[in-house]
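Throughout, a chain's letter reflects where its sequence line sits, starting with A, and its residues are numbered from 1. Please read these numbers as outputs of a predicted model, since none were measured by experiment.
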Amino acid sequence: MVDIFENLNSVQREAVETIVGPLLILAGPGSGKTRVIIHRIAYLVNICGVSPRHILAVTFTNKAAREMQERLCQLSSITGNGITMGTFHSICAKILRVDGGPIDIKPGFVIYDQSDQVALVKRCLAEKNLEAKQFSPSAVLNHISAAKSHSLGPQEFIRQGRSYFEEVVGRIYERYQEILKASNALDFDDLLMRTTELFSKHKDVLAKYQNRYLHVMVDEFQDTNLVQYALVKMLSAKYRNLCVVGDPDQSIYSWRSADIRNILNFEKDFPDAKVVTLAQSYRSTKTIIDSASAVIASNKQRKPKKLHTENTQGRPITIIETYNEQEEAQYVVSEIERLISQHDAKLSDMAVMFRTNAQSRALEEAFVRYGMPYKLVAGTRFYERREVKDIIAYLRLIHNTADDISFMRVINTPLRGIGERTVAELSSFAKKEELPLYDAIERIRLTPESELKLFSPRTRKLLFDFHEMLTGLRESAANQRLTVFFDTLIQRIGYKEYLLASSNGEERWDNIIEFQAVVQEVGAEFEPSEALSTLLERIALVSDVDELKETSETVTLITLHQAKGLEFNTVFIVGMEEGILPHFRSFDDPAQMEEECRLCYVGITRARNLVYLVRAFHRSMMGGYSTNPPSRFLKEIPPSLTTGARPWKTEQPVIRRRERDIEWEMDTEYELEDQLPELMAGDAVTHHRFGNGIVVDTRCENGDVSVIVNFSDVGVKKMSLRKARLERVD
DNA sequence: AAAGCGTTTATTTTT
DNA sequence: TAAACGCTTT
């Protein structure tokens with residue numbers, strides 16, 4: 001057998017050998033965290049004789065789970081099998097399928113993703129005749145999701161609601177849950193919240209899992225939310241062998257309710273916890289570690305942690321200033337070209353990282369122009385493409401006819417002449433009868449026409465045909481192999497013809513073909529009775545990073561968020577500007593600014609050898625353009641560690657923008673000069689209605705000057721400088 | 001019911 | 001700029 005302690009340093013070894021009681025592992029980037037987790041499991045199984053089925057390991061992506069599984073099997077085949085390993089969501093989904101009964105969850109439930117959630121909120125808004133303008137569906141959804149992340153049900157949320165807005169959200173939330181229940185559906189947040197509900201209401205079920213999992217491990221603990229922490233505490237309460245691994249400096253998902261305090265509270269909740277700090281990096285050069293440390297050191301709310309390495313000093317960080325985003329992209333491509341021809345670098349060992357998806361555009365153009373292979377870790381994810389979602393909606397509806405959101409999506413896709421009015425009438429009928437939409441059609445058909453004066457004969461026929469088609473498809477699904485059924489479905493609804501007739505038809509059809517590959521995989525493995533539900537489960541819980549294959553020879557284009565956990569030899573971070581990184585939406589909130597800083601830290605520490613920090617002087621943004629000063633994070637890096645453009649001195653304050661004012665003065669009527677405050681990005685202003693805010697950008701548009709202000713109460717607003725009476729506050 | 005036309009609005013997105 | 005949205009026309 002392989003020596004489990006081979007190649008472990010003393011701290012890592014300590015972490016591996018601590019198997020009893022609570023354990024917190026603080027692991028810096030590249031400190032061998034995954035290695036420790038794997039070796040610890042191997043130690044538990046192979047040395048201590050713990051059965052793999054008594055181990056629960058939670059990861060943050062499916063990919064991480066898969067990789068861990070693979071590495072375990074490499075280490076020893078007996079270790080790998082039988083461990084419960086997966087994301088919080090997939091583990092909870094499994095628990096609820098098996099044991100959800102006591103809290104009224106039927107095993108066949110479907111899982112709603114983000115776009116389904118938005119659709120559902122919209123439906124609730126429409127039902128309540130609320131203006132989508134005033135209550136933006138995504139804002140409402142964010143509040144609902146945040147409530148769920150704190151285990152607050154609708155009632156509790158309403159009870160503690162503080163503002164009018166929250167009161168309304170509470171009512172929407174209530175209805176939202178009703179519809180979910182009636183549709184036999186759970187959203188992502190429900191998977192977690194309802195599992196904690198199950199555990200707290202039914203101690204026998206909890207006991208079953210507590211007895212099984214003698215050892216619980218959680219990776220990426222800094223990005224867990226309160227429900228997830230609650231789950232972990234419940235599951236490990238009996239044996240208290242709980243090991244959490246994380247790095248507060250890499251917490252970048254607070255906007256998804258991840259709570260950095262979990263990691264800080266851990267020691268309070270478990271006073272006897274042992275804390276092990278892995279501070280030696282095996283990944284990056286000394287220069288990279290020192291630069292990243294300098295960047296993160298500017299965060300105030302942070303336990304200082306000294307990362308070190310015995311690796312070589314390495315090359316300095318290259319800082320580049322380009323004219324605009326095209327030149328920026330061009331620089332990246334030509335530098336990659338140079339590294340390949342002069343230093344024998346591999347494309348697959350390089351990544352270009354950015355803060356916002358919009359930035360990928362200029363990059364892609366340059367890569368295409370140069371004919372350099374690249375892989376964009378998608379902005380719109382595969383399973384969220386319209387055509388793929390359409391088909392998924394059909395599959396779900398066939399699997400679970402109560403799924404109203406899917407029903408709504410497909411009833412007129414492809415177009416079959418059933419319009420808005422008909423759907424509205426049908427759904428109010430369904431609501432009155434408390435029936436799913438699918439069953440409502442059946443009810444209409446069975447009710448004598450004299451009793452029910454609904455719909456014209458033509459419309460009735462259309463509805464009945466649709467219903468009949470679905471019934472037929474349900475039968476096919478039950479009998480045919482999944483692959484065959486899939487073809488039946490596509491053909492029956494005429495989807496190919498429909499797609500090819502639309503714009504980008506070919507491309508969209510190709511996506512269906514790609515989807516078919518996944519279907520084939522599942523179809524080959526499962527009998528018709530199980531295949532459909534397996535397929536739906538599989539596609540509900542995967543992300544794009546999961547699908548990222550390292551094999552192909554291409555450069556990776558990826559957002560900083562998605563890059564977490566990955567590593568490359570060479571990393572380019574583009575858009576190192578105020579307004580991009582840090583993003584302007586974070587300007588007025590110190591806590592969010594610290595998260596921007598961590599994002600930068602995560603990016604830099606993905607690199608083993610080379611880091612390029614690139615910025616553009618001038619960049620198109622939202623139709624106009626803006627001239628962003630260099631990112632404040634650049635200033636933090638000691639000049640001795642950098643090379644390349646560094647025209648500003650470190651002592652100099654951040655340059656604030658004013659360039660466009662030349663145009664502005666020409667276009668603006670002069671008498672305004674005295675009355676209007678001369679504003680620039682970063683200025684604090686006050687507005688008679690919107691309150692206080694920070695100027696994010698000023699720009700000329702058709703002779704008028706618009707100011708974009710991020711108000712602390714109402715968010716970002718764009719307004720005419722001439723009309724809006726903004727006052728500067730000092 | 002569906003196409004057409006202005007208007008609006010722009011982070012990040014493990015699941 | 002461009003895409004998504006909602007209103008109006010056909």
query = So, A/F584 versus A/F587, ring centres under 6.0 angstrom or not?
reply = no
key: Check: A/Y253 ring centroid to A/H561 ring centroid under 6.0 Å   = yes
So what does [X] hit on the nucleic acid, given a heavy-atom distance under 4.0 Å: a base, only sugar-phosphate, or nothing?
{"X": "A/T59", "value": "nothing"}
{"X": "A/S620", "value": "nothing"}
{"X": "A/I418", "value": "sugar-phosphate"}
{"X": "A/R421", "value": "sugar-phosphate"}

Atom pair distance, as rounded to whole Å: [atom1] in [X] and [atom2] in [N]:
{"X": "A/L599", "N": "B/dT11", "atom1": "CG", "atom2": "C1'", "value": "10 Å"}
{"X": "A/E325", "N": "C/dT1", "atom1": "CD", "atom2": "P", "value": "12 Å"}
{"X": "A/L191", "N": "B/dT14", "atom1": "CG", "atom2": "C1'", "value": "14 Å"}
{"X": "A/I260", "N": "B/dT14", "atom1": "CD1", "atom2": "P", "value": "20 Å"}
{"X": "A/I252", "N": "B/dT13", "atom1": "CD1", "atom2": "P", "value": "9 Å"}
{"X": "A/F60", "N": "B/dT13", "atom1": "CZ", "atom2": "P", "value": "16 Å"}
{"X": "A/E67", "N": "B/dT14", "atom1": "CD", "atom2": "P", "value": "16 Å"}
{"X": "A/L560", "N": "B/dT13", "atom1": "CG", "atom2": "C1'", "value": "13 Å"}

Stacking of A/H561 on B/dT12 base (centres under 5.5 Å, planes under 30°) = no
request  = Compare the ring of A/W255 with the six-membered ring in the base of B/dT11 and state whether they stack (centres under 5.5 Å, planes under 30°).
outcome  = no
State which of [options] makes the closest approach to the side chain of [X].
{"X": "A/R458", "options": "B/dT13, B/dA10, B/dA1", "answer": "B/dA1"}
{"X": "A/N412", "options": "B/dT14, B/dT12, B/dA2", "answer": "B/dA2"}
{"X": "A/L415", "options": "B/dA1, B/dA2, B/dA10", "answer": "B/dA2"}
{"X": "A/T422", "options": "B/dT14, B/dA1, B/dT12", "answer": "B/dA1"}

OP1 or OP2 of [N] sitting under 4.0 Å from any side-chain N/O of [X]?
{"X": "A/T559", "N": "B/dT11", "value": "no"}
{"X": "A/N357", "N": "B/dA10", "value": "no"}
{"X": "A/Q562", "N": "B/dT13", "value": "yes"}

message = Please report the interatomic distance OG(A/S586) to CZ(A/R355), rounded to the nearest 0.5 Å.
response = 6.0 Å
Hey, what are the protein-to-nucleotides 2-5 of chain C N/O distances that come in under 3.5 Å?
none

remark   = When A/R355 and A/V423 are each assigned the nearest nucleotide of DNA chain B, the 5'-most assignment goes to A/V423
ask   = Do we see a donor-acceptor contact under 3.5 Å between the side chains of A/Q562 and A/T559?
value = yes
inquiry  = Going by the rule salt bridge (Lys or Arg N to Asp or Glu O under 4.0 Å), which residues pair with A/D219 if we only count those two or more places apart in sequence or in a different chain?
reply    = A/K33
request  = Mind jotting down which residue pairs meet the salt bridge (charged side-chain N to carboxylate O under 4.0 Å, His left out) criterion with at least one end in residues 85-95 of chain A? Sequence neighbours excluded, please.
outcome  = none
key: Side-chain (A/N400) to main-chain (A/S183) donor-acceptor, under 3.5 angstrom   = yes
ask   = Relative to A/Y173, does A/K148 satisfy both conditions: NZ or CZ under 6.0 angstrom from the six-membered ring centre, and within 45 degrees of the ring's axis?
value = no
ask   = Distance between the C1' atoms of B/dT12 and C/dC5, in whole angstroms?
value = 23 Å
